[in-house]
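First the structure, in the form of structure tokens, and then the observations on it.
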Amino acid sequence: MLGYIWQYVYTSFLRYWLKWLIRQATGTCELQRICSGNKPGATRTTKAEYSLKSSKNKVLRGALETRKDHLEQCVDQIMKEKNVKPQKSPMFKDSLHICLLQITGYNSLYMTVEDLRKEVFSSENQEHEAMLLKLWNLLMPKVKLESRVTKQWGDIGFQGDDPKTDFRGMGLLGLINLVFFSENYTEEARQVLSHANHPKLGYSYAIVGINLTEMAYSLLKSGALKPHFYNTVLGTPELRHFHQLYCYLAYEFDKFWVAEEPESIMEFNQYREKFHNIVKTHLQDPDVSLTLSVRSKN
């Protein structure tokens with residue numbers, strides 16, 4: 001209770017006067033100090049985001065919702081509002097522009113991912129069907145698919161004879177992630193599939209992959225992935241960066257599963273949660289970078 005009271009008092013009153021006193025002493029605004037006092041990455045961008053969100057100035061708060069093609073003009077307006085002189089702070093404009101590209105880009109990325117999650121896989125959509133068959137060919141290049149609806153789909157970890165029913169939770173996003181991993185890290189994807197088909201330690205490759213898509217989506221939605229993207233993308237995070245994050249999760253989960261040696265696939269939820277907690281712990285590190293150590297084909 002006391003913590004909430006202190007937080008309210010600080011954000012509503014003390015923070016404003018503290019900023020004013022520091023500005024009088026240093027001759028610089030909070031955003032200037034953030035941009036000059038921190039290297040590019042999560043620490044700088046997170047502090048800038050908090051400063052803008054907490055500001056009583058409408059121009060500064062509005063910057064968080066500005067379109068990408070208006071960001072340069074937005075930075076100019078902020079410099080005018082805060083009386084920042086380019087001669088005295090020559091790096092400020094570029095630094096704040098990068099921060100805003102990352103902040104607004106993260107929000108745009110979430111909306112793009114959400115749209116794909118909501119898109120239902122349709123057997124009548126030729127692009128959807130082609131993507132599904134591509135997944136099979138990438139993972140099983142020496143085995144011909146006997147028919148579109150077949151028990152063979154179980155060989156790559158789908159539950160039934162028709163994979164379309166397995167995409168209900170994550171929509172087209174789940175399939176796109178599976179294909180991206182298989183296409184860009186083909187050798188690694190096939191290695192993971194071979195582990196998934198192990199007689200004792202095996203698991204349903206595709207189903208677990210879709211489950212990891214849900215994990216990536218949830219982390220994105222909650223904002224937990226901000227430090228990762230702010231550290232790894234010096235600009236606007238795009239859909240391919242989300243797919244790369246998925247590849248990291250798919251590859252690292254397989255390593256985790258094999259190392260843990262679960263007694264049964266029935267313990268999946270328990271180990272999935274343990275892995276999830278490991279990822280969330282990594283994301284608490286301000287220097288976090290959840291990237292695969294192996295090189296992509298593209």
Side-chain angles (χ1 to χ4, degrees), residues 11-12 15-16 19-20 22-23 26-119 172-173 176 216-246 283 286 288-289:
T11 55
S12 300
R15 187 173 185 278
Y16 172 81
K19 285 168 56 181
W20 183 84
I22 297 175
R23 171 141 200 173
T26 64
T28 58
C29 70
E30 184 178 47
L31 285 172
Q32 282 177 283
R33 297 191 297 274
I34 290 170
C35 289
S36 64
N38 298 277
K39 65 181 181 180
T43 299
R44 187 179 76 175
T45 302
T46 301
K47 287 182 177 180
E49 186 173 12
Y50 178 77
S51 179
L52 292 166
K53 189 180 294 185
S54 304
S55 177
K56 297 181 183 299
N57 187 303
K58 290 183 179 180
V59 173
L60 271 66
R61 291 199 310 275
L64 298 172
E65 299 176 0
T66 303
R67 285 180 10 209
K68 182 178 179 179
D69 54 345
H70 290 166
L71 283 179
E72 197 166 341
Q73 180 183 353
C74 177
V75 173
D76 289 335
Q77 289 179 321
I78 290 174
M79 292 178 71
K80 183 178 179 181
E81 288 285 328
K82 305 306 289 184
N83 197 28
V84 177
K85 304 300 182 185
Q87 300 84 355
K88 291 185 178 181
S89 302
M91 302 298 294
F92 176 77
K93 183 174 181 177
D94 287 343
S95 297
L96 183 59
H97 188 226
I98 290 172
C99 289
L100 286 173
L101 283 171
Q102 293 178 313
I103 295 165
T104 58
Y106 187 94
N107 297 332
S108 297
L109 174 61
Y110 168 69
M111 289 188 285
T112 300
V113 169
E114 177 69 359
D115 286 342
L116 287 174
R117 187 190 71 85
K118 290 179 178 178
E119 186 171 350
L172 198 62
L173 182 64
I176 293 174
Y217 164 78
S218 297
L219 290 168
L220 180 73
K221 184 178 181 180
S222 70
L225 290 180
K226 285 182 179 182
H228 162 72
F229 286 125
Y230 291 170
N231 282 328
T232 58
V233 185
L234 198 62
T236 303
E238 298 175 352
L239 188 59
R240 63 187 173 88
H241 298 122
F242 178 81
H243 295 331
Q244 289 283 358
L245 183 276
Y246 166 82
L283 289 168
V288 64
S289 174

Mind checking whether [X] and [Y] have side chains closer than 4.5 Å, heavy atoms only?
X: I176; Y: Y246; value: no
X: K80; Y: V59; value: no
X: T112; Y: F242; value: no
X: L60; Y: K82; value: yes
X: V75; Y: M79; value: yes
X: L116; Y: L239; value: yes
X: D76; Y: K93; value: yes
X: K226; Y: T46; value: no

So, taking the atom named [atom1] in [X] and the one named [atom2] in [Y], what distance separates them when rounded to the nearest 0.5 Å?
X: L245; Y: L220; atom1: CG; atom2: CG; result: 8.5 Å
X: K47; Y: I34; atom1: NZ; atom2: CD1; result: 7.0 Å
X: E114; Y: K221; atom1: CD; atom2: NZ; result: 6.5 Å
X: L109; Y: L225; atom1: CG; atom2: CG; result: 9.0 Å
X: S55; Y: I78; atom1: OG; atom2: CD1; result: 9.0 Å
X: L101; Y: Y230; atom1: CG; atom2: OH; result: 11.5 Å

Quiz item: Which of these passes side-chain contact (heavy atoms from CB on, under 4.5 Å) with T45: N38, N231, I98, I103?
Solution: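 Exactly one candidate clears the test, I103.
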Tell me the closest heavy-atom pair linking [X] and [Y], and the distance in Å.
X: Q102; Y: G235; answer: CG-O, 3.2 Å
X: A42; Y: P286; answer: CB-O, 3.4 Å
X: A63; Y: C74; answer: CB-SG, 3.4 Å
X: V113; Y: Y217; answer: CG1-CD1, 3.9 Å

Does [Y] offer a backbone N or O that forms a donor-acceptor pair with the side chain of [X] under 3.5 Å?
X: E119; Y: L172; value: no
X: Q32; Y: C29; value: yes
X: S54; Y: S51; value: no

Exercise. Could you tell me whether E30 and R33 have a side-chain N and a carboxylate O separated by less than 4.0 Å?
Key: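 The answer is no: the pair does not qualify as a salt bridge.
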